[in-house]
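This report concerns only the one structure given below.
Worth knowing before you read on, the calculation uses all heavy atoms, side chains too, and leaves out hydrogens, waters and symmetry mates. Remember, it's a predicted structure, so these values are computed and weren't measured experimentally.
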Amino acid sequence: MPETARQIADDLRARIESGDLQPGDRLPGEPSLVRTYGVAKMTANQALKILVTEGLAYARPGSGTYVREFRPIRRVANDRLSKSRWASGHSIWAADVDRRPLATDVQVYEAEAPHQIGRLLGLEPGAPVLVRSRKYAVEDRPVQIATSYLPADLVRGTAITEPNPGPGGIYARLAELGAEPVNFAEELRARMPSEEERAALNLAAGTPVLEICRTAFTKDERPVEVNQMLLDAGSYVLEYRLSS
């Protein structure tokens, strides 16, 4: 990607973040960017595509590129999974949405572990798991479907079997059971959704999804939860903070 395209995208991003460009506003088109920055039409097009990829804008064929009316959710994996958050009674989701309106539809039930889930949890074939299926909507917009699987023999009869497991969520309850999650492994891939997934997340045609599978481990490397998440790619910015 030419550096100039990134510089143009940075300028437009700053105008969006400052409020100069409001949600629903049309961004300067390619001809305008060509005149303003003295760049080729391809460079101007690439700059606009950067903002679309970041989820800050969307293209309306035949009309132009517009500031997205829904502010993307910044998902910072390190912050949301820190013990200081759930141990103090805060939910993981609070790290993502802050004070934005959040609605959650939760279903909890026992089932036989799917083969892949049983393998990840180190269970015998046919072993039961507790399934926590959730659908999240932020500002009335569906953004994520998530399903957690936990060994039923570990959590049966605890608050984890309730739709609302209490302050700090299921990780705080696991800690009370002596199964505190301390390490996490996430696998992520981008793909196109099935028709059922597209309908569940109310996605526009051509919108990809992010599929994340996270496994939580205790200090002795015992897996205690597998969480399969499906995210609307246009609603998220994923951030990972790594240290050497």
Side-chain angles (χ1 to χ4, degrees), residues 13-27 51-58 60 65-109 131-148 159-173 186 188 190 193 196-212 214 225 227-241:
R13 187 187 306 106
R15 291 182 61 187
I16 293 171
E17 292 175 349
S18 70
D20 180 40
L21 287 169
Q22 295 288 319
D25 285 352
R26 186 178 185 275
L27 293 173
L51 297 179
V52 172
T53 301
E54 291 179 351
L56 292 175
Y58 65 97
R60 188 182 298 168
T65 304
Y66 294 80
V67 179
R68 185 176 290 276
E69 298 187 40
F70 179 85
R71 179 163 52 92
I73 299 166
R74 182 166 292 274
R75 181 184 187 273
V76 185
N78 310 62
D79 289 349
R80 69 198 313 272
L81 295 175
S82 66
K83 179 180 178 180
S84 61
R85 175 167 295 279
W86 53 260
S88 61
H90 295 92
S91 72
I92 287 177
W93 261 87
D96 294 346
V97 300
D98 194 19
R99 293 179 176 83
R100 299 170 71 178
L102 170 68
T104 310
D105 180 20
V106 184
Q107 297 181 18
V108 186
Y109 56 92
V131 183
R132 295 182 56 86
S133 177
R134 291 96 67 205
K135 181 177 179 179
Y136 298 99
V138 175
E139 297 172 358
D140 294 325
R141 173 179 175 142
V143 295
Q144 182 183 149
I145 298 170
T147 305
S148 287
I160 294 174
T161 64
E162 300 296 328
N164 182 358
I170 66 171
Y171 290 164
R173 305 291 81 77
E186 283 194 350
L188 181 153
E196 182 180 2
E197 292 166 341
R198 191 172 75 83
L201 288 173
N202 194 27
L203 300 175
T207 303
V209 291
L210 298 172
E211 186 176 65
I212 301 175
R214 183 180 70 230
E225 180 218 22
N227 189 359
Q228 293 185 323
M229 295 160 273
L230 194 71
L231 287 62
D232 168 11
S235 295
Y236 278 88
V237 174
L238 305 188
E239 179 178 336
Y240 294 88
R241 298 174 184 171

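- Using a 4.0 Å cut-off between charged nitrogen and carboxylate oxygen, R75 and E186 count as a salt-bridge pair.
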- Message: Run the salt bridge (Lys or Arg N to Asp or Glu O under 4.0 Å) test on R74 and E239 for me, step by step, so that the C-alpha distance in whole Å, both residues' side-chain angles and the decisive distance to 0.1 Å come before the verdict.
- Response: CA-CA 7 Å; R74 182 166 292 274; E239 179 178 336; 3.1 Å; yes

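- Residues D105 and K135 are not paired through a salt bridge, judged by the lack of any N-O separation under 4.0 Å between the basic side chain and the carboxylate.
- Every residue two or more places apart in sequence or in another chain that forms a side chain to side chain contact (heavy atoms under 4.5 Å, CB included) with A233 is listed here: P208, L210.
- In this view, Q107 satisfies the side chain to side chain donor-acceptor pair (under 3.5 Å) rule with no residue, not counting sequence neighbours.
- If you take OG1 on T65 and CZ on R26, they are separated by 7.5 Å, rounding to the nearest 0.5 Å.
- Scored by the side chain to side chain contact (heavy atoms under 4.5 Å, CB included) test, D25 finds L21, Q22, V67 as partners (sequence neighbours excluded).
- For Y66 and R68, the side-chain atoms include no donor-acceptor pair closer than 3.5 Å.
- In this structure, the separation between CD1 on I160 and CD on E162 is 11.0 Å, given to the nearest 0.5 Å.
- From L27, atom CG reaches atom OH of Y58 across 10.0 Å, with rounding to the nearest 0.5 Å.
- Under 3.5 Å, the side chains of Y171 and R173 contain no donor-acceptor pair of N or O atoms.
- Checked by atom type, the side-chain pair R132/T147 shows no donor-acceptor distance below 3.5 Å.
- Panel note: side chain T207, backbone L203; no donor-acceptor pair is recorded below 3.5 Å.
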